[in-house]
Amino acid sequence: MIDKKYLELIHKDIDKVITPREKVKLDNYLKNNPEAEELYHELAKTEELLDTLPDVDPTENLKKRIMNSLDYNKYAQNRKRSILDGLFKRRRPVFALGVVAALILIGLFISNPNLITTFDQKDVAGTMGMRSAEQVEMLDIEIEGVSGSIQVIKGSGMESSDYSFGFSVELISSGNYELEIAFDPSITTFEEIISHDNLVTDRRDDAVMINSGGHSFYSVLFSSEERSGVFNITIFRDGAELYGQQVLVK
Amino acid sequence: VYLYKETDREDINLVQECLGGNGRSYDALVEKYHKTIFRLAVKLIRDFDDAEEITQTVFVKAYENLRSYNSKYKFFSWLYRITINETINYGKKLKHNEAISEELESDNDSPDEITETNELNSTIRTALMKLDTIYRIPIVLKHFDGYSYKELSEILNIPEKTVKSRLFTGRQLLKNLLKHRV
């Protein structure tokens, strides 16, 4: 008779999910229980037999057959315009004014950095092409060699069904740093980075990375059809993580 | 933010591109997964031609129902789930067991080895086929694809506890079916 508890351990061992402590217990039990030991070896042998089954490949033309069975036009008519499409096509004059406003604002920031600390969300709305915007959170950054703030803004996009999330970043750094904003690509789309500097940026499907240093100010804009979004803000220097914060924008 | 692996993110992007109107993005998914899906099917149903047919059906059904795919889960897991459903449907229709097709056999071995290897492979496949699908599917997924209990629970839509008990029972049944070999 095999103890149910040890029967479970036998299967856990076969499945390679047994803990070291459980393994010691099982080994001791097997030494003193020939019936359990026999079962263990039979099950292990069964697994070995399954290992001998070779992998087989399909015929060369299977892929082609599959592709020939697909209706590639099925989703063609569902092509949706992105926010930027909307901005460029339907609201070209508004967008042009927004760009001009952004350039003026950037010019003001360069000439008077103090303006940054009294940043008006309405300006952000104009700059980012939002209809309206509100601050959701302000992240104060005080870490080794990097200080400043990241203002998290939520707004309604130009398209009534869209929402915009913005990160207005002002950081002063003694050396270069990398800011990564990670997002869920299934519900959020990266739109653009607005800056007067020539920032070094990089992208993954689920993240935007900005490499900067000194006194930097820029805004990163995302759009979504969802009202809320989750973002992971991380600051790196020389590959080491200096700061990490998850932001839920509701 | 979901902790996607790079390959999962790629898959989701391809699905989104496809839904966005670029149907050809789906080709990359076919390219990436058709062999794996076929290999799963051939282990579950044994017949080579029917496994190809099931693979084709799986990709067509997935494409037709792409909107119902929930990107919270891996695209690959979703394909697996469709494959399993198709295999179960196939099993219901199947009235006879055909001998393993010649394409499955290796041609690199000597005649003696071929006979011995083929006989062993055939015995194992026959034993697997004799298992009820509720046991065969978790065993194949666990053994050949290394899925965790949790992942199996997600793919098979059953509690983890049930996954474990089906694996345990199935494994013991398989052991008995292969008794003369073990």
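So that the names make sense, note that chain A is the first sequence line, chain B the second, and so on, each numbered from 1. Since the model is a prediction, treat every value here as computed from it, not as a measurement.
More than 12 non-hydrogen atoms from other residues, nucleotides or ligands lie less than 6.0 angstrom from CG of B:Asn70. No more than 12 heavy atoms of other residues, nucleotides or ligands lie within 6.0 Å of CZ in A:Arg227, so this atom counts as exposed by the packing criterion. Other residues, nucleotides and ligands place no more than 12 heavy atoms under 6.0 Å from the NZ atom of A:Lys64. Heavy atoms of other residues, nucleotides or ligands lying less than 6.0 angstrom from NZ of B:Lys32 number more than 12. Within a 6.0 Å sphere centred on CD of A:Glu22, other residues, nucleotides and ligands contribute more than 12 heavy atoms.
Per-residue counts of heavy-atom pairs under 4.5 Å with chain A were compared for B:Ala41, B:Gly146, B:Gly23; the largest is that of B:Gly23. In terms of heavy-atom pairs under 4.5 angstrom with chain B, the leader among A:Asp15, A:Leu43, A:Asp51 is A:Asp15.
Inter-residue side-chain proximity for B:Leu167 and A:His11 is flagged as unmet; no heavy-atom pair is nearer than 4.5 Å. Inter-residue side-chain proximity for B:Lys35 and A:Lys63 is flagged as unmet; no heavy-atom pair is nearer than 4.5 Å. Contact check for A:Leu53 versus B:Phe144: side-chain heavy atoms found under the 4.5 Å cut-off. In this structure, B:Asn22 and A:Tyr72 have side chains that are not in contact, with every pair of non-hydrogen atoms separated by 4.5 Å or more. Using a 4.5 Å cut-off on side-chain heavy atoms (C-beta onward), A:Asp57 and B:Phe38 make no contact.
With rounding to the nearest 0.5 Å, the separation of CG in A:Asp205 from CD1 in B:Ile12 is 9.5 Å. For the atom pair A:Lys45 NZ and B:Lys175 NZ, the distance stands at 14.0 Å (nearest 0.5 Å). Distance CD1/B:Ile124 to CG/A:Leu50: 6.5 Å, rounded to 0.5 Å. Rounded to the nearest 0.5 Å, atoms NZ (B:Lys164) and CD (A:Glu8) are 5.5 Å apart. Distance check: A:Glu47 CD to B:Lys142 NZ gives 9.5 Å after rounding to the nearest 0.5 Å.
Side-chain atoms of A:Ser69 and B:Gln56 form a donor-acceptor pair, as typed in the model, at a separation below 3.5 Å.
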Could you give me the CA-CA distance, side-chain angles and deciding distance for A:Asp55 and B:Lys43, then say whether salt bridge (Lys or Arg N to Asp or Glu O under 4.0 Å) is met?
CA-CA 9 Å; A:Asp55 260 339; B:Lys43 283 193 181 88; 2.9 Å; yes
Mind running side-chain contact (heavy atoms from CB on, under 4.5 Å) on B:Phe168 and A:Ile10 for me, showing each step along the way?
CA-CA 10 Å; B:Phe168 295 177; A:Ile10 289 174; over 6 Å; no
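Residue contact with chain A, scored on non-hydrogen atoms closer than 4.5 Å, involves the side chain of B:Gln16 exclusively. Residue A:Leu7 touches chain B through its side chain alone, counting heavy-atom pairs closer than 4.5 Å. Contacts between B:Asn13 and chain A at a heavy-atom distance below 4.5 Å involve the side chain alone, from C-beta outward. Heavy atoms closer than 4.5 Å to chain A are found in both the backbone and the side chain of B:Leu66.
Classified by interplanar angle (parallel below 30°, tilted 30° to 60°, perpendicular above 60°), the ring pair B:Tyr63/A:Tyr75 is perpendicular.
Here B:Arg9 pairs with A:Asp206 in a salt bridge; the nearest charged N to carboxylate O distance falls below 4.0 Å.
Screening B:Leu174, B:Asn121, B:Leu178 against A:Leu49 for a side-chain contact (heavy atoms from CB on, under 4.5 Å) leaves a single residue, B:Leu178.
The shortest heavy-atom contact between B:Arg125 and A:Pro54 is NH2-O, 3.7 Å.
With hydrogens and angles disregarded, no donor-acceptor distance shorter than 3.5 Å links the side chain of B:Gln172 to the backbone of A:Leu39.
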